[in-house]
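To keep things clear, I will list the structure first and then write my remarks on it.
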Amino acid sequence: MSDGEIRRWKLTEVEAYDGPEDRACHAWKGQTPRNAVMFGPPGVFYVYLCYGVHWMLNVVTGPVGFPAAVLIRGAGEVIGPGRVTKSLAIDRIQNQKPAQKSTGLWFESAKEIPDHEIETTPRIGIGYASEPWLSAPYRYVWHR
DNA sequence: CATTTGATTCACT
DNA sequence: GTGAATCAAATGA
């Protein structure tokens, strides 16, 4: 990534975190300096260090004032939130950066993927609050 | 100011 | 299968 090489990644596994009602979202109880970016405009990255070693790469999707984001759990052959960021050398430098070419990280439109190639499952890694509504199928996995 | 949490991963038994 | 690692921020005293 440092030599100007352009790498294209297919997002194969994502997870949605939508709104103040969603307790799995870090912003469920209000805005804080840490997750403030999720309250900002969409199209920017929310990079969050979890467990002291793993960076979580998110993309803000909701409008200003509404905390919603999508967690990139898998890209290309790399599966696992912490591994994706490691492969892309993403850290807090990318936090709050807009998803555009000038930041070195951006999205391009892909061809439509048929629904039958997408599997929806409950989210992962949020067992600390075993509530039923957390099992909402907000995880999307693309099966080639 | 001290303690707890956390959207995980890796090593070891 | 179980538990440790380890940084930053939120919460509580």
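None of the values given here were measured: they were computed from a predicted structure. All values below were derived from every heavy atom in this structure, side-chain atoms included, with hydrogens, water molecules and symmetry-related copies excluded. Note on naming: letters A, B, ... go to the chains in the order of the sequence lines (proteins, then strands), and numbering restarts at 1 for each one.
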Using purine N1 to pyrimidine N3 plus N6-O4 or O6-N4 for Watson-Crick, or N1-O2 and O6-N3 for G-U wobble, both under 3.5 Å, which nucleotide pairs with dA7(B)?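 Answer to the pairing question: none, since dA7(B) forms no Watson-Crick or G-U pair.
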Mind checking who dT6(C) pairs with, Watson-Crick or G-U wobble, both distances under 3.5 Å?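 Here dT6(C) is not engaged in any pair, so there is no nucleotide opposite it.
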By side-chain contact (heavy atoms from CB on, under 4.5 Å), which residues pair with V37(A), not counting sequence neighbours?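 With neighbours one apart ignored, the set is V44(A), Y46(A), V60(A), N95(A), Q96(A).
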Reading nucleotides 6-13 of chain C 5' to 3', which nucleotides get B (base under 4.0 Å from a protein heavy atom), which S (sugar-phosphate only), which -? BBBSSS--
Nucleic acid contacts of residues 68-78 of chain A, taken as heavy-atom distances under 4.0 Å to DNA chain B: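 Going residue by residue through residues 68-78 of chain A, the ones with a heavy atom under 4.0 Å of DNA chain B turn out to be L71(A), R73(A).
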Taking atom CZ as the centre, does R83(A) end up with more than 12 heavy-atom neighbours from other residues, nucleotides or ligands that are less than 6.0 angstrom away?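 At most 12 heavy atoms, drawn from other residues, nucleotides or ligands, come within 6.0 Å of this atom.
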Atom NZ of residue position K86(A) - does it have more than 12 heavy atoms of other residues, nucleotides or ligands inside 6.0 Å?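 At most 12 heavy atoms, drawn from other residues, nucleotides or ligands, come within 6.0 Å of this atom.
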Spacing between K86(A) atom NZ and dA5(C) atom P, to the nearest angstrom: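 About 18 Å, once rounded to whole Å.
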E13(A) CD to dT8(B) P: how many Å, rounded?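 Whole-Å distance recorded here is 10 Å.
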CD of E15(A) to SG of C25(A): how many Å apart, nearest 0.5 Å?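 E15(A) CD to C25(A) SG: 12.0 Å, rounded to 0.5 Å.
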Phosphate oxygens OP1/OP2 of dA7(B): is one of them under 4.0 Å from a side-chain N or O of H54(A)?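 No, no such contact exists.
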Please verify the inter-ring angle class for F45(A) with F107(A); under 30° counts as parallel, over 60° as perpendicular, anything in between as tilted.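 The arrangement is tilted - the two ring planes meet at 30° to 60°.
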Can W142(A) and E117(A) be counted as having a side-chain donor-acceptor contact under 3.5 angstrom?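 Result is yes, a qualifying pair exists.
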In sequence, state the C-alpha distance, the side-chain angles, and the governing distance for L57(A) and R73(A), and then conclude on side chain to side chain contact (heavy atoms under 4.5 Å, CB included). CA-CA 8 Å; L57(A) 176 61; R73(A) 295 187 54 93; over 6 Å; no
Is it true that D22(A) and R123(A) have a side-chain N and a carboxylate O under 4.0 angstrom from each other?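 A salt bridge is present here (some side-chain N lies under 4.0 Å from a carboxylate O).
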Interatomic distance at P, dA4(C) relative to dT4(B), whole Å: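 Here dA4(C) and dT4(B) have their P atoms 15 Å from each other.
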